[in-house]
Amino acid sequence: MRRTGSLMRRARQNRGKNKERYILPIIKLKKRLMKFFIDTADLEQIKEANDLGILDGVTTNPSLMAKVGVKGHEAVIQHYKTICDIVDGDISAEVVSTDFKGIVEEGKKLAALHKNIVVKVPMIKDGVKAIKWFTDNGIRTNCTLVFSAGQAILAAKAGAAYVSPFIGRIDDSGWEGINLISQIAEIYAVQGFETEILAASIRSSNHIIQCAEAGADVVTSPLEPILGLLKHPLTDIGLAKFLEDAKKFA
Ligand code: E4P
């Protein structure tokens, strides 16, 4: 259902105008619920999101690791292990090598840490080649730093489990990042690619809602935008009134 949204909308708009155009392509429908990952290496925030009961996984990157002061190879490895102990879901661990051999060696070691580790590989030539190698060898990957539909097609062809389009960074450069999610969702639906769209570089609660509408399979977000989904002033006003009235019959 998810990736057929825009196709069905278009079909509905055309209904009656031109009967011959009211034809939906044959699409393999997938039944999915959008997953929530947290995009941080901050253990307290990971625990807080996990305690909410809605967390499906974690994404990290070298910048997020540096932000929480994790330094040195051993510390990074230990940090991934700790995250795997907290969250029962896919944990993306990013390689820092940029050549095929280095990416494969690094990725194999990361994947061996825990069954839930997904090796995060950059969208570069050797990265695509490495993703294919990992796919052929049963190691799941998350293709990161994706900014175009063409890159998303390559990642899917190589067999990436996840593709990470960075919508916030596209917004930052003056374009509509969310459009890329819709475009990839449509292409994957039409072509039947199994790669899951992991919307990344989330800046706001509204981004999360837009990603759900556009057909993302996963949204990875910092804690703030996730908690922002809870908020509505009418909820606060309504609750205050209910609690006040409850005192009347207490
Ligand atoms: C996640 O996998 C990405 O590395 C992350 O969402 C990037 O976010 P940023 O653009 O806020 O750095």
Side-chain angles (χ1 to χ4, degrees), residues 34-43 45-46 49-50 55-70 76 79-80 83-84 86-87 89-98 103 106-107 110-111 113-114 116-124 127-128 130-131 134 139-148 151-152 154-156 158 160-181 184 195-212 214 216-229:
M34 191 177 76
K35 289 184 268 187
F36 273 74
F37 288 2
I38 188 164
D39 193 26
T40 185
D42 185 313
L43 298 179
Q45 293 194 6
I46 291 171
N50 197 47
L55 198 64
D56 301 300
V58 181
T59 51
T60 59
N61 64 36
S63 308
L64 292 171
M65 285 289 194
K67 198 172 163 187
V68 294
V70 181
V76 170
H79 208 74
Y80 285 136
I83 294 173
C84 289
I86 300 171
V87 180
D90 286 348
I91 314 296
S92 286
E94 188 160 344
V95 298
V96 290
S97 304
T98 53
I103 296 172
E106 210 184 324
L110 289 171
L113 293 177
H114 194 279
N116 290 344
I117 290 280
V118 176
V119 181
K120 204 170 172 195
V121 181
M123 170 40 76
I124 52 174
V128 171
I131 289 170
F134 287 128
I139 293 175
R140 292 180 309 135
T141 52
N142 170 0
C143 182
T144 190
L145 289 165
V146 166
F147 294 91
S148 76
Q151 292 177 323
L154 274 183
Y162 297 104
V163 64
S164 288
F166 278 30
I167 70 170
R169 293 194 195 183
I170 296 176
D171 286 358
D172 294 345
S173 65
W175 299 84
E176 278 285 333
I178 196 65
N179 291 345
L180 180 59
I181 302 295
I184 299 172
T195 299
E196 293 189 48
I197 303 168
L198 196 169
S201 187
I202 297 295
R203 303 268 191 266
S204 65
S205 304
N206 200 37
H207 262 164
I208 299 177
I209 296 164
Q210 288 179 318
C211 286
D217 298 284
V218 189
V219 167
T220 189
S221 166
L223 183 61
E224 248 337 87
I226 297 175
L227 296 181
L229 293 173

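Remember, it's 1-based here, ligands and their atoms both numbered in the order they're listed.
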- Find the distance between SG (Cys84) and CG (Asp90) and round it off to the nearest 0.5 Å.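 Result: 9.5 Å between the selected atoms.
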- Could you tell me the separation between the CG atom of Leu145 and the OG atom of Ser164, rounded to the nearest 0.5 Å?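 The CG atom of Leu145 sits 8.5 Å away from the OG atom of Ser164.
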- Let me know which protein residues bring a heavy atom to under 4.0 Å of ligand 1; chain then number is fine for ordering.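 Within 4.0 Å of ligand 1, the protein residues are Asp39, Thr59, Asn61, Lys120, Phe166, Arg169, Ala200, Ser201, Arg203.
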- Task: Applying ring-ring contact (aromatic ring centres under 6.0 Å, His included), name anything that partners Phe36, two or more places apart in sequence or on another chain.
- Result: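 None.
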- Query: Considering residues at least two apart in sequence or located in another chain, which fulfil the side chain to side chain contact (heavy atoms under 4.5 Å, CB included) criterion with Asn61?
  - Reply: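 If we apply the side chain to side chain contact (heavy atoms under 4.5 Å, CB included) test to Asn61, skipping adjacent residues, the hits are Ser63, Leu64, Glu94, Lys120.
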- For Gln210, which residues count as a side chain to side chain contact (heavy atoms under 4.5 Å, CB included) partner, sequence neighbours excluded?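 Partners of Gln210 by the side chain to side chain contact (heavy atoms under 4.5 Å, CB included) criterion, ordered by chain and then number, come out as Ile178, Asn206, His207.
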- Query: With side chains defined as the heavy atoms from C-beta onward, is the minimum distance between Thr40 and Leu223 less than 4.5 Å?
  - Reply: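 No; the side chains remain at least 4.5 Å from each other.
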